[in-house]
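Right, one structure below, let's go through it.
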2 protein chains.
Amino acid sequence: MNAPTPREATRRRLLDALRQDGPMARVELGQQLGMSPASVSDLTASLLDEGILVTEDGSEATGGLLRGRPKVRLYFSENLGSVIGVWTGYNRIELRLVDSAGRSRASRRIERPLRNLSADDLMDLLADLITTFARESGAPDVKAVGLACQGYVDTRDGVVAWSPVLGTRDLPLAEGLRGRLGKPVLLDNDASAMAFALAQRDPTLRAGRTACLMVGDGVGLGFLINGELYRGARSGGSEFGHVRLRRSGPQCRCGGRGCIEAFLADYALHRDAQLIDHRPAPNALIPGEEAMATIVRQARAGDPALLNLFREAGEVLGDAVGILIQTLEPDHVVICGPATRAMDLLRPSFEAALETQTIQELRMLAAIHVVESSIDLLTEGVIIQALRELDGELARLKAA
Amino acid sequence: MNAPTPREATRRRLLDALRQDGPMARVELGQQLGMSPASVSDLTASLLDEGILVTEDGSEATGGLLRGRPKVRLYFSENLGSVIGVWTGYNRIELRLVDSAGRSRASRRIERPLRNLSADDLMDLLADLITTFARESGAPDVKAVGLACQGYVDTRDGVVAWSPVLGTRDLPLAEGLRGRLGKPVLLDNDASAMAFALAQRDPTLRAGRTACLMVGDGVGLGFLINGELYRGARSGGSEFGHVRLRRSGPQCRCGGRGCIEAFLADYALHRDAQLIDHRPAPNALIPGEEAMATIVRQARAGDPALLNLFREAGEVLGDAVGILIQTLEPDHVVICGPATRAMDLLRPSFEAALETQTIQELRMLAAIHVVESSIDLLTEGVIIQALRELDGELARLKAA
DNA sequence: CCGTTTTTCTTCGCCACATGAATAAAACAT
DNA sequence: ATGTTTTATTCATGTGGCGAAGAAAAACGG
């Protein structure tokens with residue numbers, strides 16, 4: 001809201017660098033941020049003073065062969081409370097507890113569909129799960145909660161504007177949870193959170209433009225420009241999964257037909273696999289990992305109908321990535337999420353479609369990464385965002 | 001390249017504001033840029049000193065009813081040379097001469113296809129046309145040339161990586177022209193230039209994210225984030241027009257089938273209109289404005305086959321805008337270029353397609369503008385970019 | 001016609017932030 | 001011990017921007 005002072009901006013850059021590339025000595029920070037040792041020293045002095053950073057290097061071996069005064073690495077303090085990250089999937093919820101240094105302390109997975117709950121019931125349930133998890137995992141002092149969910153999210157107001165999972169519209173989820181938990185709640189789209197987390201881990205993804213396509217329960221897109229999430233009109237992610245690629249394609253859970261998601265998401269593959277065997281169409285539940293593994297195994301064994309299903313899915317994936325390349329001209333395209341388990345089945349038609357869909361000059365610029373990413377990484381995405389917010393929060397508290 | 005000093009950055013912001021919102025007094029500048037009158041005074045003093053700005057307000061009436069010391073508006077000097085902007089279309093070239101204050105001084109349109117020329121011949125021809133135009137219009141002192149062309153452009157290196165118009169690939173156009181003309185040459189994609197120019201004129205387009213779809217000779221996309229052009233991997237615009245929407249659609253000049261362009265561009269509509277009458281398919285020349293006007297007239301008169309053509313084109317346009325909305329979540333979508341002449345024919349199917357393609361929540365956020373924009377505006381886009389560069393250039397010269 | 005009012009612009013002292021240079025600190029090598 | 005090397009801190013300095021006070025330029029009001 002209020003304009004950050006230049007000091008706050010550099011402070012933030014410094015903390016970001018430290019979070020991304022691990023504990024570092026002051027000289028290294030200076031080099032990386034392109035600022036003088038004097039400035040780093042000055043800035044870190046106050047951060048150490050505030051207790052945000054510690055320097056418990058002590059006996060840490062510096063290698064032995066180097067001479068000169070040893071580096072003193074700066075760490076985030078672990079004792080400034082913790083943050084809980086939550087992901088709400090279609091029929092399960094993942095929770096994770098992380099201390100203020102970013103170290104994972106506990107995690108839990110709960111099988112529980114969230115559909116068909118009233119807004120109040122949903123928020124009551126989530127608040128209950130979160131407090132139970134915090135208590136049972138002995139969370140020291142939960143300072144904030146980060147929540148990643150599918151659908152179209154207004155990250156500024158913390159509102160789920162639309163979601164294929166929760167039935168409701170314009171759900172003020174952050175506010176509701178904040179009221180119930182008494183803690184700040186940060187909301188984001190799950191694909192955005194995943195993209196952010198991946199870029200935190202891999203410096204190459206932070207350079208230039210990275211389009212991250214997460215394929216699993218649904219299809220989401222997170223887009224990064226120089227490591228920062230691109231935010232749209234309501235500062236949310238996009239609903240790229242509901243671009244309608246085939247005019248008379250299969251039914252999508254958004255109500256439309258032929259959306260990208262309707263070919264690629266687990267529920268779509270599972271449903272269409274069932275239809276092949278003339279078994280009754282399953283209800284809307286997302287299949288479990290076992291069910292999906294079975295389908296993949298049968299396809300790998302050579303089931304022609306299933307192979308055709310994956311061929312078509314790969315083609316849609318190629319078209320989708322092609323659209324991204326022609327529209328955004330990214331340096332990196334990341335394909336991640338559960339669907340990467342079947343990348344071998346998707347790849348031939350994926351590559352063929354990508355080739356016919358894109359202009360060669362543009363296609364050659366985009367490096368395509370296939371990353372097997374877990375939900376752990378996803379919760380990490382919102383957690384890091386929450387931790388970043390907290391840094392600023394602490395500074396403001398100290399000032400008062 | 002080299003990091004701009006903070007001073008240079010604010011200097012640039014000030015000049016940009018002055019260019020966008022016309023001559024202004026110092027107080028107004030201060031309000032708009034959120035800085036104190038003292039700072040503005042300081043900064044403008046050196047700009048006036050360098051001769052970049054002038055204050056020849058003199059007898060300008062301030063309204064009469066206001067009291068107090070009258071505002072002194074700051075103008076760009078007109079006497080610091082001029083800039084030529086060029087647009088290379090499919091079968092014509094537009095040139096425009098503008099003085100250092102941004103006022104248009106002369107313009108010319110040359111009917112001349114550029115295809116099937118060798119790289120050297122092409123650059124010779126362009127250089128010749130530009131010098132002739134400069135001489136005949138009595139250009140005082142041409143400081144730079146801005147060139148907008150179709151296709152995939154590397155704006156940093158000034159290379160046309162790919163173009164459906166020029167047959168060549170990786171053409172170092174800026175360097176070639178710079179060698180021939182002895183002046184800096186700035187290259188950009190034409191849709192990007194158009195988007196930029198539109199946003200310069202209309203402040204609302206500078207707020208948030210604006211996707212500008214230019215439909216005419218081809219289909220191009222310019223994307224703005226907070227008034228600045230989004231730049232992809234090679235810092236160029238995108239080739240959105242060659243997203244393949246219909247797998248077995250009509251032939252596109254890129255070699256593919258079913259590209260957005262293959263439905264919407266003038267050449268496509270003209271070609272398909274000819275085919276209806278079983279006339280021989282025309283050669284690849286872009287039809288003239290008269291030919292297009294005839295087609296539009298016949299369609300308005302009720303020709304069912306032509307109406308169908310426009311219906312299909314509108315549908316593709318709706319799908320295209322839908323993809324943009326679902327992917328970029330823009331605040332504004334601008335449809336501009338010659339194709340707006342037939343917007344009445346396109347609109348019904350456009351709106352229907354847009355509605356089925358997009359999620360309502362997202363669609364409602366994007367304001368859709370249909371703007372009849374001329375090529376004049378397009379050359380203005382590159383010219384303003386060139387002028388902006390020159391400001392910095394002048395500062396560096398003074399410093400040396 | 002001359003002070004008063006009002007608004008714009010400038011001058012000046014000051015503060016926040018960052019830097020380079022000198023200095024101190026902490027190790028190893030001899 | 002004493003130099004060598006690298007890291008961290010201190011301090012004087014410079015830059016950019018700001019608030020406050022004052023100067024300037026007009027209209028207004030007697």
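In what follows, every heavy atom counts, from backbone to side chain, and hydrogens, waters and symmetry copies are set aside. Note on naming: letters A, B, ... go to the chains in the order of the sequence lines (proteins, then strands), and numbering restarts at 1 for each one. Everything quoted here is computed from the prediction, not taken from an experiment.
- A salt bridge is absent between B:Asp16 and B:Arg206: the closest approach of a Lys/Arg side-chain nitrogen to an acidic carboxylate oxygen does not fall below 4.0 angstrom.
- Rounded to whole Å, the distance from CD on A:Gln31 to C1' on D:dA8 is 14 Å.
- D:dT7 atom C1' lies 15 Å from atom CG of A:Leu48, rounded to whole Å.
- Residues A:Arg388 and A:Arg19 have side chains in contact (heavy-atom distance under 4.5 Å, counting atoms from C-beta outward).
- Ionic pairing of B:Asp141 and B:Lys183 is not present here: no N-O contact between side-chain nitrogen and carboxylate oxygen is shorter than 4.0 angstrom.
- The pair B:Arg12-B:Glu228 does not meet the salt-bridge criterion, since no charged nitrogen lies less than 4.0 angstrom from a carboxylate oxygen.
- Side-chain contact check for A:Ser41 and A:Arg26: no donor-acceptor pair (N or O, by modelled atom type) lies under 3.5 Å.
- Protein atom CG of A:Asp49 is 15 Å distant from nucleotide atom C1' of D:dT9, rounded to whole Å.
- Under a 4.0 Å N-O distance rule, the pair B:Arg96/B:Glu380 qualifies as a salt bridge.
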Using a cutoff of under 3.5 Å, can you pull out all pairs of nitrogen or oxygen atoms linking the protein to nucleotides 1-6 of chain D, with atom names and distances?
residue: D:dT6; atom: O2; partner: A:Arg69; partner atom: N; Å: 2.8

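- A salt bridge between B:Lys143 and B:Glu393 is absent, with no side-chain N of the basic residue lying under 4.0 Å from a carboxylate O of the acidic one.
- Partners of B:Asp99 under the side chain to side chain contact (heavy atoms under 4.5 Å, CB included) rule, at least two apart in sequence or in another chain, are B:Glu78, B:Ala101, B:Arg103, B:Arg105.
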Do any N or O atoms of the protein come closer than 3.5 Å to N or O atoms of nucleotides 16-20 of chain D, and which pairs are they?
residue: D:dG17; atom: OP1; partner: B:Thr10; partner atom: OG1; Å: 3.4
residue: D:dC18; atom: OP2; partner: B:Ser36; partner atom: N; Å: 3.1
residue: D:dC18; atom: OP2; partner: B:Ser36; partner atom: OG; Å: 3.1
residue: D:dC18; atom: OP2; partner: B:Ser39; partner atom: OG; Å: 2.4

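- What separates CZ of A:Arg26 from P of D:dT10 is a distance of 10 Å, to the nearest Å.
- Taking atom CG of residue B:Leu29 and atom P of nucleotide C:dT7, one finds them 19 Å apart after rounding to whole Å.
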